Engineer: 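Take this structure first; my questions come after.
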2 protein chains.
Amino acid sequence: MSGALKDAAIRVERPAKTLRELALDKVREAIVNGYFRPGDRLVERDLCAQLGVSRTVVREVLRHLESEGLVANLPNKGPIVAQLDIEEAKQIYEIRGALEGMAARLCAERGSPEIVAALEESLSAIRSSYRDQDMAGVLANTSSFYQTLFTMVDRHVAWGVVNLLTVRINHLRSMTIKTERRDIEGPAQMSKIVDAIRRGDGEGAQRAAMDHVAAASAIAEAVLSAQKPAE
Amino acid sequence: MSGALKDAAIRVERPAKTLRELALDKVREAIVNGYFRPGDRLVERDLCAQLGVSRTVVREVLRHLESEGLVANLPNKGPIVAQLDIEEAKQIYEIRGALEGMAARLCAERGSPEIVAALEESLSAIRSSYRDQDMAGVLANTSSFYQTLFTMVDRHVAWGVVNLLTVRINHLRSMTIKTERRDIEGPAQMSKIVDAIRRGDGEGAQRAAMDHVAAASAIAEAVLSAQKPAE
DNA sequence: CTACAGTATTTGGTAGGCCATAATACGATT
DNA sequence: AATCGTATTATGGCCTACCAAATACTGTAG
């Protein structure tokens, strides 16, 4: 999102986000990075106050988040932040494996150097974020790595699906990347994906991508089952 | 939608569902089976009148359908029924291939006879629906075939994703199943999936599932590109 | 200490109104 | 007649206020 507004720009202004979209982003973010914890009730009127908007807007936002799977609605009790159980998390990782594997294979089969270059750029950004202990940066750059994987072969729908699912496990992601040695192994696994793509090895690229999320899934499972009993 | 309401006296009328959900289903159905056509504007106040509910409800419904991809929102112009372009449809079929292939493989690897039995039941229901020219039945039973595939190995999330995507191409589905010889080839392809599962051949099951949606995708593409120029 | 009645909270849903913007119709001016 | 404002309308976005029903809470009477 660059602020391009120079010459020849018939496009004068930004889409002017509606209040609703602003609120949606705010609440989603609040959930995703833990300001609202799983199981917390999301009382409409409280949200109105906190966001400074009307119930109309809040209700639409809650509906939207509900269909994203971030919010669950107990009948006659109201919306709460969805709880992520371990089984669901595993399934989400599995689906990501299938789709990212597919995208990786397509990238390899296309065999365009631009793809490899773009992926390598993201990858090195990830490595440097790890060096700086910038965990938010790691997440963002990992995301852009995968975005490249999907969009370079024009798989926008699949990318949308992956994104939709990913928000639901976001807090897991931020835990997995902080685990021991993940700073080395994570990029190494992703590097394998890139290597296979460079070789034009579709099968290998797919396997490497699936291995990467499988590893993440295993870590997530360990993290989840370690913290469940404590809670 | 069965009209079961007679006996069972206690069973008064427990809507369980909120008005909102009722309205959501109604509108979704109206879109899915073509009462509202792609590109049609969905004017809030008109919908209020047609559904007999308040704007609040209508707006929530529209938001929900928007996040399902059935409705698009033009800034400053309002919601319209989403247009399905051919590229997007192909991507949806591709994703279904990946996920249904995954599910089929898992079914084969589990190797439980109940799965095979359940799938065969759906399959024969499909065949008999074809015999009766009951196209709605074909769709419903096909859906239940795949539902079995996913839920028998507890992949509810993936099934949810497939469902989400499927509504967007529903009218394509209803056209593909009506094409020449689809009454024979469709079930034959699905039968191959079942056979592979029975053999415990994960690889084969995956391939068969992917072949089946690939065939559907090819037909859909033909149908779409045939009707586009006319329009 | 329990049971129960009353009270508060909160959702689900309704009604209606206000404002901003886009499109369209309608003039008025040249 | 063609063009250039200017009402009007339609509509989305947003708000306030209200009500009914379900749920949770609380204090009191027995």
Side-chain angles (χ1 to χ4, degrees), chain A residues 9-28 30-31 36-83, chain B residues 10-28 30-31 35-83:
Chain A
I10 304 298
R11 269 260 171 278
V12 204
E13 293 176 27
R14 278 273 86 196
K17 286 192 155 193
T18 69
L19 197 52
R20 191 178 69 235
E21 291 170 293
L22 258 19
L24 175 62
D25 290 345
K26 273 260 193 295
V27 177
R28 178 166 35 218
I31 293 176
F36 294 128
R37 314 281 292 280
D40 280 4
R41 293 190 59 184
L42 298 171
V43 178
E44 288 180 6
R45 278 159 173 106
D46 291 357
L47 284 177
C48 292
Q50 289 180 58
L51 295 168
V53 299
S54 76
R55 254 185 96 199
T56 312
V57 170
V58 168
R59 290 181 59 155
E60 288 175 54
V61 166
L62 289 174
R63 253 17 106 207
H64 196 117
L65 292 172
E66 193 185 339
S67 68
E68 275 183 22
L70 274 181
V71 163
N73 223 328
L74 312 183
N76 290 322
K77 262 202 72 181
I80 63 172
V81 178
Q83 321 243 15
Chain B
I10 305 299
R11 190 96 192 83
V12 200
E13 182 182 345
R14 173 101 178 83
K17 288 189 155 187
T18 66
L19 193 55
R20 191 175 69 237
E21 291 168 291
L22 257 20
L24 175 62
D25 291 343
K26 273 259 192 295
V27 177
R28 180 167 33 218
I31 293 176
Y35 179 73
F36 294 128
R37 313 281 292 281
D40 280 5
R41 292 191 60 185
L42 298 170
V43 178
E44 288 180 5
R45 287 162 172 103
D46 291 356
L47 283 177
C48 292
Q50 290 181 58
L51 295 169
V53 299
S54 72
R55 255 183 99 196
T56 311
V57 171
V58 168
R59 292 181 55 116
E60 286 173 311
V61 166
L62 288 174
R63 239 84 275 157
H64 196 118
L65 292 172
E66 193 185 337
S67 68
E68 275 182 22
L70 275 181
V71 163
N73 226 326
L74 311 184
N76 289 325
K77 264 201 72 180
I80 62 171
V81 178
Q83 322 241 15

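Given the structure is predicted, the values throughout are model-derived calculations rather than measurements.
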Engineer: To the nearest Å, give me how far apart CG (B:Leu74) and P (D:dG12) are.
Structural biologist: 11 Å
Engineer: Measure from the side chain of B:Pro79, starting at C-beta and using heavy atoms only, and say which of D:dG12, C:dA15, D:dC14 lies closest.
Structural biologist: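 Of all the options, the side chain of B:Pro79 is nearest to D:dG12.
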Engineer: Return the value, rounded to whole Å, for the distance between atom CG of B:Asn73 and atom C1' of C:dA22.
Structural biologist: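 These atoms are roughly 15 Å apart.
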Engineer: Using a distance-only criterion (donor-acceptor N/O pair, under 3.5 Å, no hydrogens), is the base of C:dG12 paired with the side chain of A:Arg55?
Structural biologist: yes
Engineer: Identify, with sequence neighbours excluded, every residue that meets side-chain contact (heavy atoms from CB on, under 4.5 Å) alongside B:Glu68.
Structural biologist: B:Arg28, B:His64, B:Leu65, B:Leu70, B:Leu164, B:Val167
Engineer: Output yes when at least one side-chain N/O atom of B:Asn76 is less than 4.0 Å from OP1 or OP2 of D:dG12, else no.
Structural biologist: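 No, because none of the side-chain N or O atoms of B:Asn76 sits under 4.0 Å from OP1 or OP2 of D:dG12.
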Engineer: Return the set of residues passing side-chain contact (heavy atoms from CB on, under 4.5 Å) with A:Arg55 (not counting sequence neighbours), or none when no residue passes.
Structural biologist: A:Glu44, A:Arg45, A:Cys48, A:Arg59
Engineer: Pull out every residue in residues 56-71 of chain B that has a heavy atom closer than 4.0 Å to any atom of DNA chain C, ordered by number, or say none.
Structural biologist: B:Thr56, B:Val57
Engineer: Using the rule given for salt bridge (charged side-chain N to carboxylate O under 4.0 Å, His left out), can you reason through A:Asp25 versus A:Lys17, listing the C-alpha separation, both sets of side-chain angles and the distance that settles it, and then say yes or no?
Structural biologist: CA-CA 11 Å; A:Asp25 290 345; A:Lys17 286 192 155 193; 2.8 Å; yes
Engineer: Can you list everything that forms a salt bridge (charged side-chain N to carboxylate O under 4.0 Å, His left out) with A:Glu66? Sequence neighbours excluded, please.
Structural biologist: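 So A:Glu66 forms a salt bridge (charged side-chain N to carboxylate O under 4.0 Å, His left out) with A:Arg63.
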Engineer: In chain order, what residues pass the side chain to side chain donor-acceptor pair (under 3.5 Å) check against A:Ser67, with sequence neighbours excluded?
Structural biologist: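 Partners of A:Ser67 under the side chain to side chain donor-acceptor pair (under 3.5 Å) test: B:Ser67.
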Engineer: In residues 39-53 of chain B, which ones come under 4.0 Å of DNA chain C, going by heavy atoms?
Structural biologist: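 Contacts with DNA chain C under 4.0 Å: B:Arg45, B:Val53.
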